[in-house]
Participant: 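My questions all concern the structure below.
If you're wondering where the values come from, they're calculated on a predicted model, not measured in any experiment.
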Amino acid sequence: MTSLLLGSRYRPWRLRLAIILYLLVLILGSVPGARLKLGELASGGVLHSLTYGVITLLLFTGLKYARLRNAALAVLTVIFMGALDEYVQSFFPYRSATVHDWLVDIAAAAITAAALYKWWPQRTDA
């Protein structure tokens, strides 16, 4: 399990998985009624936090730089991903784009990246 998170062999796969997860967010969020079904499981804030926290984890561990740069790039990427997600939502009458959701995405990314920066071991292959 550790090699999946730390191993350089799987680094590109973690980046691909982050992109796939994000595309799923965009696609499933565009399906009428899908968001309502997910809302039965968890609130929008929880869903945004978990989703973008996991994306941040995948980006952080998928990048090949030092921890600080990985953290910064992961957060910046999520800032743009979250903005695009909200922008896409604005085109659907059954969805609403909110700055609040975007800020939740950014907060989840910042908290996740800060925790990873603090507690993740420095890689020797960076």
Side-chain angles (χ1 to χ4, degrees):
M1 180 68 168
T2 304
S3 67
L4 286 176
L5 296 176
L6 287 175
S8 59
R9 176 179 180 192
Y10 297 105
R11 184 181 300 127
W13 290 103
R14 291 189 298 270
L15 290 175
R16 289 181 189 119
L17 187 57
I19 293 167
I20 290 168
L21 178 58
Y22 178 67
L23 291 175
L24 282 173
V25 166
L26 292 179
I27 292 166
L28 294 177
S30 302
V31 175
R35 175 60 186 94
L36 290 175
K37 290 284 187 192
L38 284 173
E40 295 172 5
L41 300 173
S43 71
V46 170
L47 291 173
H48 277 264
S49 297
L50 289 175
T51 302
Y52 285 97
V54 169
I55 288 173
T56 303
L57 170 71
L58 292 169
L59 291 170
F60 181 95
T61 61
L63 293 167
K64 61 181 178 179
Y65 308 110
R67 289 179 302 164
L68 182 59
R69 188 170 182 186
N70 284 0
L73 288 173
V75 171
L76 287 173
T77 302
V78 167
I79 288 171
F80 290 112
M81 285 177 158
L84 181 59
D85 181 19
E86 295 304 315
Y87 180 71
V88 168
Q89 286 179 26
S90 72
F91 291 102
F92 297 96
Y94 48 88
R95 296 299 311 266
S96 62
T98 66
V99 173
H100 176 266
D101 285 349
W102 184 50
L103 293 175
V104 170
D105 302 342
I106 295 169
I111 291 167
T112 302
L116 289 167
Y117 174 76
K118 180 163 177 61
W119 290 301
W120 203 260
Q122 182 68 39
R123 289 196 309 258
T124 57
D125 62 336

Participant: Apart from Tyr117 itself, which Ile, Leu, Val, Met, Phe, Trp or Tyr residues share its cluster (side-chain heavy atoms under 4.5 Å, direct or through members)?
Facilitator: Leu68
Participant: Any chain of hydrophobic side-chain contacts (each under 4.5 Å) joining Leu26 to Phe91?
Facilitator: yes
Participant: Kindly give the heavy-atom pair with the smallest separation between Val104 and Gly45, and that separation in Å.
Facilitator: CG1-O, 3.7 Å
Participant: So how far is it from Arg95 CZ to Asp101 CG, rounded to the nearest 0.5 Å?
Facilitator: 8.0 Å
Participant: Once side-chain contact (heavy atoms from CB on, under 4.5 Å) is applied, do any residues pair with Leu116, and if so which ones, sequence neighbours excluded?
Facilitator: Leu57, Phe60, Thr112, Trp120
Participant: Consider only side-chain heavy atoms of I, L, V, M, F, W and Y, link residues closer than 4.5 Å, and tell whether Leu21 and Val31 are in one cluster.
Facilitator: no
Participant: Please, which pairs that meet side-chain hydrogen bond (donor to acceptor under 3.5 Å, both in side chains) have at least one residue in residues 76-88, sequence neighbours excluded?
Facilitator: Tyr52-Asp85, Asp85-Gln89
Participant: Would you give the length of the straight line joining atom CG of Leu17 to atom CD1 of Ile55, rounded to the nearest 0.5 angstrom?
Facilitator: 9.5 Å
Participant: Would you confirm whether Trp102, through its side chain, and Ile79, through its main-chain N or O, come within 3.5 Å as a donor-acceptor pair?
Facilitator: yes
Participant: Compare every heavy atom of Val75 with every heavy atom of Ala113, then report the nearest pair and how far apart it is.
Facilitator: CB-CG2, 3.5 Å
Participant: By side-chain hydrogen bond (donor to acceptor under 3.5 Å, both in side chains), which residues pair with Ser30, not counting sequence neighbours?
Facilitator: none
Participant: Could you pull out all residues at least two apart from Leu73 that satisfy side-chain contact (heavy atoms from CB on, under 4.5 Å)?
Facilitator: Leu63, Tyr65, Arg69
Participant: Rounded to the nearest 0.5 Å, what separates atom CG in Leu15 from atom CD1 in Ile20?
Facilitator: 11.0 Å
Participant: Tell me which one of Leu84, Thr51, Val78 satisfies side-chain contact (heavy atoms from CB on, under 4.5 Å) with Tyr22.
Facilitator: Leu84
Participant: For Val46, which fellow cluster members are found when Ile, Leu, Val, Met, Phe, Trp and Tyr are connected by side-chain heavy-atom distances below 4.5 angstrom, either directly or through intermediates?
Facilitator: Leu50
Participant: Please find the pair of heavy atoms, one from Gly82 and one from Asp105, that lie closest to each other, and give the distance.
Facilitator: CA-OD2, 3.5 Å
Participant: Quick check for you: to the nearest 0.5 Å, what is the distance between Met81 atom CE and Ile19 atom CD1?
Facilitator: 6.5 Å
Participant: Mind listing the closest non-hydrogen atom pair of Ala108 and Ser49 along with its distance?
Facilitator: CB-O, 3.6 Å
